[in-house]
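Quick notes on the structure that follows.
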Amino acid sequence: MIGYYVKRLLSALFTLFLIATLTFFMMRAIPGGPFTREKPLPPQIIAQLNAKYNLDDPVIVQYFSYMKGIATFDLGPSFKELGLTVNDLIKQGFPGSMKVGFVAVMFILLFGIPLGIISALKQNKAIDHVVMVMATIGVTVPSFVVATLYIYFISSKISWIPITGLSNPLAYIGPAIALSGYSLSYVARLTRSSMLEVLRQDYVRTARANGLSEWRVIGKHALKNALIPVITYVGPMIAAILTGSFVVERIFSINGIGRYFVESVNNRDYTVIIGMTVFYSALYIVMVLLVDIGYSLIDPRIKLGKRSGD
Amino acid sequence: MKKLFSVFVVLALVLGIAACKGSVEDNTLFWNIGADPLTIDPTLNGASDGGDVINQTFEGLVREINGVVYPGIAEEWETSTDGKTVTFTLRESNWSDGTPLTASDFVYSWKRGMDPRTASEYAWIWEYSNVVGSLDTVYWTDVCDNATDDCNEYDDNGALVGTDYSDDKDDTTGLTITEQLALVGVKAINDTTLEVKLVNPTAYFVSLMAFYHFLPVKQSAVEAVGGEDGLWAKNPALVVSNGPFKLVKYTAGEGLRLEKNEEYWNKKKVYIAAIEGDFVDLETTAYAKYNAGEYDFIPSVPSMMIPDLMALSDEFYAYPLLGTYYYSFNLDKPEWQNAKLRKALALAINREDITEALSGGQIPATGFVPRGFIDNEGKDFAIESGNYGISTGSGGEAEAVTLFAEAAAEMGKTVAELRTYLNGKVILYNTNEGHRMVAELVQEDWKQVLGVELTLQNQEWAVFQNTRKQGNFDVARGGWLTDFMDPAGMLAIFTTDNAYNDPNYEKSAYDTLLSESQATTDMALHFQKLYAANDMLMADMPIVPVYYYSDIMMAKSYLKDWGRSVLGSVDFTHARLER
């Protein structure tokens, strides 16, 4: 078991190393640099700025000094945000993204899964149709539409719901709805179809035949297996939601890190691009690992580190 | 379940009400600044949002409001008869920490701005200041030249440890940076007298001093521990400023709070007690908050709202900016070397269609120099120059067709041959909805009027800049906003070898006119040369002027007497709230 985790950790580190390296060289390969401006700077000024951030060193030298930094959790200075390092940016923005993301994840799990179960149990009844139509809308309507409609019809009409920021608990409602819409609908559909499949299995029929109460059949036997595909989806989804959304954070003016994923590329803010990529990848890898552990807890047939047939 | 729900509703209501803004502070201005400024250190700033904040927190030798230059920290100034020495007499004033502000503070701030070690993005503005020695300082470069320098680096025992790229001396002058800084023509004669030596008489020098790069900063604050790279200006514990307001709170990504600076020399004329500034950078969100009464002033509105607001709202303002949106012809390519052809293309465009489609308050451009520059006789430079036959709307088509035919003859082609010759050439712009819309309309006009079919191509911003700089284009979009109130700030970019001369317009007569305009103290002669230069540029038409940029904003009607610099910064110094 321990050997398995060591192996996973090593492969995670190797993955991160590959990601950082690829991002580093891909960003350098595209034209433009961090000091490209609408009103172009004179070459002398660009030379001074390059010297200041050691961008005048050969690329390979920059690469090694950057990788050395990453190994010590130092993601380097931002070229755009004067005086701030990438670590500062993450420290400043991640709490905001995470708080909103957490509420959104709660929305998804607390509404998505029960709605899916209800739909499956009431298959082809009115409530099933209502839920599935809602789910289709949720998947297809983009978050910025939801966010804008929310501001227009709700928060700008009701004075005690803040329009922007995270100054009070009610402020989380809008961003969390916008952020969770897609995944909530997706989870509901996934739970429904997986539940329907499980309910047809022999062991569920056996459980029912044994006279177990419907609650026990659904809650103890069916749900566990029905949740496996949901967990597979939810793990990486959590990583994506916690790292924020450019669109939602911008519309609700939330101080998060979502915007850096887009702005840093436009700005060619190399260190921020790689820093954000590595940060997101690390979170993603951790979530995937948690999903694997989750499987083994839910389904005794899955054993970590053992090949089937062992 | 029902019970639980009602508990939740009550809880939500209580929390909501508790967290609601208390009574609105009567004399506090609620302002959306826009994006979180990268820096609010005047010397390092290069962006308009930062400039907006700095305009409230700092004050230079002069302050420019609505195009008028008022004495600021300088009470008066005097220019010598040869125009090359400007002496400022400073009033007695204090920094926000109560310490006196002296002429040496200006010397420190300016030298910091031009020092290459500061690496200020805006240091190139010194090129236009004409201050003695400033340009050599800004462009002080030290790259090892093996012919004259020893580029090797040795340790204490004389062993070679590597190659140093520097000998700490400038490659051309051979001066160290300290020696170079000592040669800069800025001197504090005493605490209240500041003397500036200029290379050439510079008509706009005093008004330029209102620009943020030239505002004073206090050395002890700039060099405070934890204040590196301009962070001091965002840190209420470290910041020291000298403007009508001072910073008391700064939350990255959220907002800031300014309060009236009781040490400001003109505090009697400052009426607002505090300013709450937010960093909401999405226009639709800020506009919703403005309408919900949460802001008194917003710096822009969603563009689809502009036509309605322009017609119906008395809280909407649109001002011209000193800048022009244009297309450059690539004069290095044979296709674009005929002036009549370029003029025909410039005349064939219906600019009103374009500004209407963009609906952002833009003004059709009938020349490269926008309105707003006042000449020696008090007349508007652009209006005096005339429109060079360029119509704002339709009306130029007939002459465009005639010129096109003449151009074809000059180029030894028939009209049909010239069309084929130009078909498929590319209009290049950077990826953006607005730029695409303009390019499509221009493409359509050229097709309708002249029968020439160009194609469109867009590139991501940084890629586009690279392509344009390398001259790999036929026709490319460009934009130029100037930072000082003299038409030379516009015209000078088309001199030979200027970094912003995208069409690569090379004409020694034009260069001469511009340098002659700079070398005189006689304002009549200065403008005479500039008018001639403008005529020459418009006759050659290396560019197609499209529209003049504009600045839009909304202010509640109870906000009175707010001002605005013609360069674009808002000014709340003398503003009053009459809710």
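Throughout, protein chains are lettered first and strands after them, A, B, ... in sequence-line order, and every chain is numbered starting at 1. Note that these values count all heavy atoms, side chains included, but never hydrogens, waters or copies made by symmetry.
No part of Thr467(B) comes within reach of chain A, as not one of its non-hydrogen atoms sits under 4.5 angstrom from that chain. When heavy atoms are compared at a cutoff of 4.5 Å, Leu38(B) approaches chain A by way of both its backbone and its side chain. With a 4.5 Å cut-off on non-hydrogen atoms, Phe279(B) touches chain A through its backbone but not through its side chain. With a threshold of 4.5 angstrom between heavy atoms, Glu81(A) approaches chain B through its backbone and through its side chain. Contact annotation for Arg268(A): only side-chain heavy atoms (C-beta onward) come within less than 4.5 Å of a heavy atom of chain B. Contacts between Ser120(B) and chain A at a heavy-atom distance below 4.5 Å involve the backbone alone (N, CA, C, O). Only the side chain of Thr39(B) comes within less than 4.5 Å of a heavy atom of chain A; its backbone N, CA, C and O stay farther away. For Glu460(B), the part sitting under 4.5 Å from any heavy atom of chain A is the side chain, from C-beta outward, and nothing else. Heavy atoms closer than 4.5 Å to chain B are found in the side chain of Ile151(A), but not in its backbone. Only the side chain of Asn466(B) comes within contact range of chain A, judged by heavy atoms closer than 4.5 Å. At a 4.5 Å heavy-atom cutoff, Asp56(A) makes no contact with chain B through either its backbone or its side chain.
In summary, Lys80(A) and Asp269(A) do not engage in a salt bridge, as defined by a charged side-chain N under 4.0 Å from a carboxylate O. In this structure, Arg257(B) does not pair ionically with Asp278(B), as no charged nitrogen and carboxylate oxygen lie closer than 4.0 Å.
Taking the ring centroids of Tyr500(B) and Trp480(B), they lie under the 6.0 Å cut-off. In summary, the aromatic rings of Tyr429(B) and Phe464(B) are positioned with their centroids too far apart to meet the 6.0 Å limit.
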Salt bridge (Lys or Arg N to Asp or Glu O under 4.0 Å) between Lys234(B) and Asp229(B): does it pass, once the steps are laid out?
CA-CA 11 Å; Lys234(B) 286 185 177 180; Asp229(B) 283 321; over 6 Å; no

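Here Pro31(A) is the residue among Pro31(A), Gly32(A), Gly33(A) with the most heavy-atom pairs under 4.5 Å with chain B. With chain B as partner, the option from Leu166(A), Asn267(A), Thr164(A) having the largest number of non-hydrogen pairs under 4.5 angstrom is Thr164(A). Highest contact tally toward chain B, considering only Ile163(A), Leu84(A), Asn266(A), is held by Ile163(A) [criterion: heavy-atom pairs under 4.5 Å].
Ring geometry for Phe279(A) versus Phe94(A): interplanar angle over 60°, hence perpendicular rather than tilted (30 to 60°). Relative orientation of the Tyr122(B) and Trp124(B) rings is tilted, given thresholds of 30° and 60° on the angle between their planes. Between Tyr63(A) and Phe25(A), the ring planes are tilted. Angles from 30° to 60° get that label. Taking the six-membered ring for Trp and thresholds of 30 and 60 degrees, His435(B) and Tyr325(B) have ring planes inclined between 30 and 60 degrees apart.
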